[in-house]
Amino acid sequence: AIGDEVEGLVPGDMVACAGAGKANHADFVSVPRNLCCKVPVGCDASIAATSTVGAVALQGVLRAAPQLGETVCVLGLGLIGQIAAQLLRANGTSVLGFDLDLQRVDRAIQNGMDAGVADVEGFKQLVRDRTGGRGSDRVMITAATKSDAVINLAMDVARPKGSVVIVGDVGLNVQRAAFYRKEIDLLMSTSYGPGRYDTRYEEDGQDYPFGYVRWTLNRNMQAYLQLIASGRIRIEPLIEKIVGIDEAPTAYRALASGEGPAPLGVLIRYPADARKLSESADSTWISVRGARKPPA
């Protein structure tokens, strides 16, 4: 069902949703209009479930504002870095990647990234050789580490007057020399786009005018799903594991523990539920079924 003032959606549409506390794992959810978008034809529902993560990567690319023919470095080739590398290639740039995990570097290359390495000195040499010693036009940081080494590596490989965009959570103790000498622009990318953390946008449904804010979090989600539907980016190769909903707690604990190699992408599969609903589709009330006493 939809609210009386909701435009652009009709009951029965398949939608992708975002928002902590809104897009919940449940039989029924109530999601504000600006936090959901229609899934286009050609985009499988299971892959559309990555729309929030994809919008984070896309917002980072938009902040970097790469131009056709430029060289862009991606530091950190986890799920968001992998998607960002594909988005940059679709945008007509040459993409060089770095990650301490060689398997992730190889995965990104298999999915279209131009080149990458898994050691710092080798990466510096790669950027030097691929840019004629000039340095990378843009650098996207999609790593997650408390170390300051990543941001200072970004400063080292960026060209004079280049830009560095922070997408991941990294240490920010920047060594001044390269930053100052090259006069580098340091930019922050906030989640999945303009509108995030704005209550009026997210909860009250007040959209930003298209002509003034071309890319909002909702329009980022739409663009990402359209790129999947058109075949310009491929997310299926990044899904390494599928778990049933009953296995989800175990899967989350395994990720949180940090033990063993972490999979890039994990999907949660819900079983087919043939039980008949106790109310009609247009009912104004819902019967909660299978409720359990909450844990202490």
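Heavy-atom basis, side chains included; hydrogens, waters and symmetry copies ignored.
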Between [X] and [Y], is any pair of side-chain heavy atoms under 4.5 Å apart?
{"X": "I151", "Y": "L186", "result": "yes"}
{"X": "V174", "Y": "M155", "result": "yes"}
{"X": "K146", "Y": "D169", "result": "yes"}
{"X": "L217", "Y": "N34", "result": "no"}
{"X": "F98", "Y": "V127", "result": "no"}
{"X": "V164", "Y": "F179", "result": "no"}
{"X": "I83", "Y": "V53", "result": "yes"}

**Message:** If I compare all heavy atoms of R130 with all of A115, which pair ends up nearest, and what's the gap?
**Reply:**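 For R130 and A115, the tightest heavy-atom pair comes out as NH2-CB, 3.5 Å.
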**Message:** Please give me the minimum heavy-atom distance between A16 and L225, naming the atom from each residue.
**Reply:**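 For A16 and L225, the tightest heavy-atom pair comes out as CB-CD1, 3.9 Å.
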Are more than 12 heavy atoms, taken from residues, nucleotides or ligands other than [X], located less than 6.0 Å from that residue's [atom1] atom?
{"X": "K38", "atom1": "NZ", "answer": "no"}
{"X": "R128", "atom1": "CZ", "answer": "yes"}
{"X": "R214", "atom1": "CZ", "answer": "yes"}
{"X": "Q206", "atom1": "CD", "answer": "yes"}
{"X": "E240", "atom1": "CD", "answer": "yes"}

**Request:** Answer yes when D207 and R219 have at least one side-chain N-carboxylate O distance shorter than 4.0 Å, and no when they do not.
**Result:**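 A salt bridge links D207 with R219.
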**Prompt:** Does E247 come within less than 4.0 Å of K241, counting only side-chain N to carboxylate O?
**Reply:**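 A salt bridge is absent here (no side-chain N lies under 4.0 Å from a carboxylate O).
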**Prompt:** Can you name the one residue among L9, V6, D13 that meets side chain to side chain contact (heavy atoms under 4.5 Å, CB included) with C36?
**Reply:**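 The residue from L9, V6, D13 that satisfies side chain to side chain contact (heavy atoms under 4.5 Å, CB included) with C36 turns out to be L9.
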Please round to the nearest 0.5 Å and tell me the distance separating atom [atom1] of [X] and atom [atom2] of [Y].
{"X": "M140", "Y": "L88", "atom1": "CE", "atom2": "CG", "result": "6.0 Å"}
{"X": "E70", "Y": "T131", "atom1": "CD", "atom2": "OG1", "result": "12.0 Å"}
{"X": "I47", "Y": "L238", "atom1": "CD1", "atom2": "CG", "result": "8.5 Å"}
{"X": "S147", "Y": "L153", "atom1": "OG", "atom2": "CG", "result": "10.0 Å"}

**Request:** Given side chain to side chain contact (heavy atoms under 4.5 Å, CB included), test L87 with N91 step by step and report yes or no.
**Result:** CA-CA 6 Å; L87 291 169; N91 198 58; over 6 Å; no
